[in-house]
Structure formats: structure tokens, C-alpha cells
Amino acid sequence: MPTKRKYWLMKSEPDVFSIEALEKKKSEGWDGVRNYQARNFMREMREGDLVLFYHSNAKPSGVAGVATIVGEARPDPTQFDPKSDYYDAGSTREEPRWDLVEVGFVEKFEDVIPLETLKADAKLEGMLVTRKGSRLSVTPVEKAHFERVLKLAGSKTRA
DNA sequence: GCCAACGTTGGC
DNA sequence: GCCAACGTTGGC
């Protein structure tokens with residue numbers, strides 16, 4: 001019996017990496033996460049989990065599509081690379097501090113669901129990304145909230 | 001560009 | 001271990 005699928009939201013600035021870029025590449029290592037809480041959530045991710053792909057610092061910011069976990073947590077190689085923006089001199093190969101997961105493309109929404117819409121939707125009350133000042137780039141999402149966002153997007157993806 | 005939120009760092 | 005200073009995120 002496989003473990004029950006879980007649901008997540010992951011933020012990315014579209015100037016850095018967008019849903020369009022993921023569509024083109026099919027899958028991508030989600031590197032650069034340098035927050036322990038976000039890292040710990042990534043470690044809980046399992047193949048087949050679904051992800052709301054969120055565009056932050058965008059016009060408008062909001063959910064741009066759906067992704068899925070195709071590879072579970074492993075050390076993020078950028079932490080060892082002195083030339084990388086994500087280099088962490090305090091991390092060693094013996095005891096890596098940061099992980100990434102491999103994320104696969106599922107769907108790009110016809111229109112981004114803006115944060116404003118999420119906040120205004122009574123059915124999404126309590127969703128972490130709608131909380132004022134929420135900066136965490138990886139958060140768990142309740143199944144009901146995930147399904148609601150799919151519905152708002154007119155998505156055919158089945159949660 | 002501003003600034004609120006909040007995680008991290010470092011002095012003590 | 002406390003907490004002020006600092007840096008970053010991210011909406012607006």
C-alpha cells in the first residue's frame with residue numbers, strides 16, 4: 001500500500017525559474033532552498049506528491065500551475081560550489097546542510113490565480129500562503145485547498 | 001522603492 | 001541563552 005499522496009506549494013520568482021521554464025525542461029532540481037523549515041518539508045516529499053507552482057515577485061504573484069515530485073530529497077550540489085549564489089561555506093559533503101527535490105511538470109494554468117483571489121476565497125481560509133507576511137518558500141497544502149485551487153484554475157488535473 | 005515580517009548572526 | 005543588528009523575502 002503506497003503512502004498517501006501529499007500536497008505542497010513551492011514559490012519561485014519567475015525571472016529565476018518559471019512554470020514555462022519547467023514545461024520546457026520537463027523536470028528540474030529545485031535547488032537554492034536555504035531555510036531549514038522549507039528544507040524539512042522537502043525531506044517529507046515523496047514521489048507522486050503534487051505541488052502548486054507559485055510565482056512570487058511577479059505581476060501578479062500567484063499560482064501558475066502544477067508540478068509533481070519525481071525525485072526525493074538529495075543533497076543540493078550548489079551548496080558546495082563557491083561560484084554559486086547558493087554556496088554555503090559551512091556545509092560539507094560528509095554532512096550536507098541543504099537538499100533539493102526533483103520536480104516534474106504537470107500543467108501550466110491558462111491564467112495565474114492571483115494571491116488576491118486566493119485571499120478572497122472563503123474556501124481557502126487558513127491556507128499558509130495567504131497569511132500576511134508569509135515568507136516560507138515551501139509549505140504543505142491541505143487536500144481540500146489544493147482541489148479548490150485546481151477548480152479556480154479550471155484545471156483537469158486530479159488531486 | 002518601501003517596508004513588514006521574520007530568520008540568522010554574533011556580542012555579551 | 002538573550003536580544004539587537006542585520007539580511008532576506010516578497011507584497012504592494
Side-chain angles (χ1 to χ4, degrees), chain A residues 6-25 28-45 49-69 73-103 105-142 144-155:
Chain A
K6 292 195 289 285
Y7 303 90
W8 309 94
L9 179 145
M10 298 175 88
K11 294 182 188 174
S12 177
E13 300 192 23
D15 291 347
V16 179
F17 189 68
S18 66
I19 189 77
E20 291 84 3
L22 181 63
E23 181 170 26
K24 221 171 272 180
K25 292 196 67 177
E28 175 82 348
W30 199 274
D31 60 17
V33 171
R34 294 295 180 268
N35 171 286
Y36 288 105
Q37 226 182 322
R39 181 204 66 184
N40 292 343
F41 283 134
M42 289 203 298
R43 287 181 174 174
E44 290 178 34
M45 292 177 178
D49 284 2
L50 288 178
V51 177
L52 295 175
F53 194 122
Y54 183 92
H55 282 176
S56 61
N57 270 320
K59 291 175 186 174
S61 292
V63 180
V66 180
T68 185
I69 302 303
R74 61 181 164 86
D76 175 352
T78 62
Q79 70 195 300
F80 309 123
D81 179 2
K83 291 192 291 295
S84 170
D85 286 346
Y86 304 127
Y87 178 62
D88 182 350
S91 186
T92 65
R93 286 179 190 278
E94 291 69 34
E95 277 185 83
R97 201 175 271 175
W98 306 112
D99 283 0
L100 56 71
V101 291
E102 192 79 14
V103 166
F105 177 79
V106 174
E107 175 188 19
K108 178 191 165 184
F109 291 161
E110 204 143 317
D111 297 297
V112 171
I113 310 299
L115 179 60
E116 194 186 359
T117 302
L118 303 178
K119 282 181 170 171
D121 193 307
K123 289 199 169 74
L124 294 177
E125 204 182 332
M127 193 176 175
L128 288 171
V129 75
T130 67
R131 280 185 37 190
K132 190 184 168 190
S134 162
R135 296 188 309 153
L136 198 56
S137 64
V138 179
T139 55
V141 174
E142 292 171 27
H145 287 165
F146 199 100
E147 288 173 328
R148 178 62 179 164
V149 173
L150 292 181
K151 190 171 181 193
L152 290 173
S155 165

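A, B, ... follow the sequence lines: proteins, then strands. Residue 1 opens every chain. Predicted, not measured: the structure shown is a model, and the values here were computed from it.
Two residues, A:Y36 and A:K132, neighbour DNA chain B, and the one matched to the more 5' nucleotide by heavy-atom proximity is A:K132.
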Please tabulate, one pair per line, all N/O donor-acceptor pairs under 3.5 Å involving side-chain atoms of residues 124-141 of chain A, not counting sequence neighbours.
residue : atom : partner : partner atom : Å
A:T130  : OG1  : A:M127  : O            : 2.7
A:S134  : OG   : A:L128  : O            : 3.4

Inset, instruction - Please test A:R148 against A:D121 for salt bridge (Lys or Arg N to Asp or Glu O under 4.0 Å), starting from the C-alpha separation and ending with a verdict. - result: CA-CA 9 Å; A:R148 178 62 179 164; A:D121 193 307; 2.9 Å; yes
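The side-chain heavy atoms of A:L50 and A:T68, taken from C-beta on, include a pair separated by under 4.5 Å. Residues A:I69 and A:V103 meet the side-chain proximity criterion, which asks for heavy atoms closer than 4.5 Å.
With no hydrogens or angles considered, no side-chain donor-acceptor pair links A:R34 and A:S91 at under 3.5 Å.
With a 6.0 Å radius and a threshold of 12 heavy atoms from other residues, nucleotides or ligands, A:E116 has its CD atom at or below the threshold.
Ring geometry for A:W30 against A:F17 counts as perpendicular: the plane angle is over 60°, on a 0 to 90° scale with 30° as the lower cut.
Within a heavy-atom distance below 4.0 Å of DNA chain C, no residue of residues 85-92 of chain A is found.
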Inset, instruction - Could you run through nucleotides 6-12 of chain C and give me one letter per nucleotide, 5' to 3': B if any protein heavy atom sits under 4.0 Å from the base, S if only the sugar-phosphate is that close, - if neither? - result: -BBBBBS
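Checked against the 6.0 Å centroid threshold, A:Y36 and A:W98 count as a close aromatic pair.
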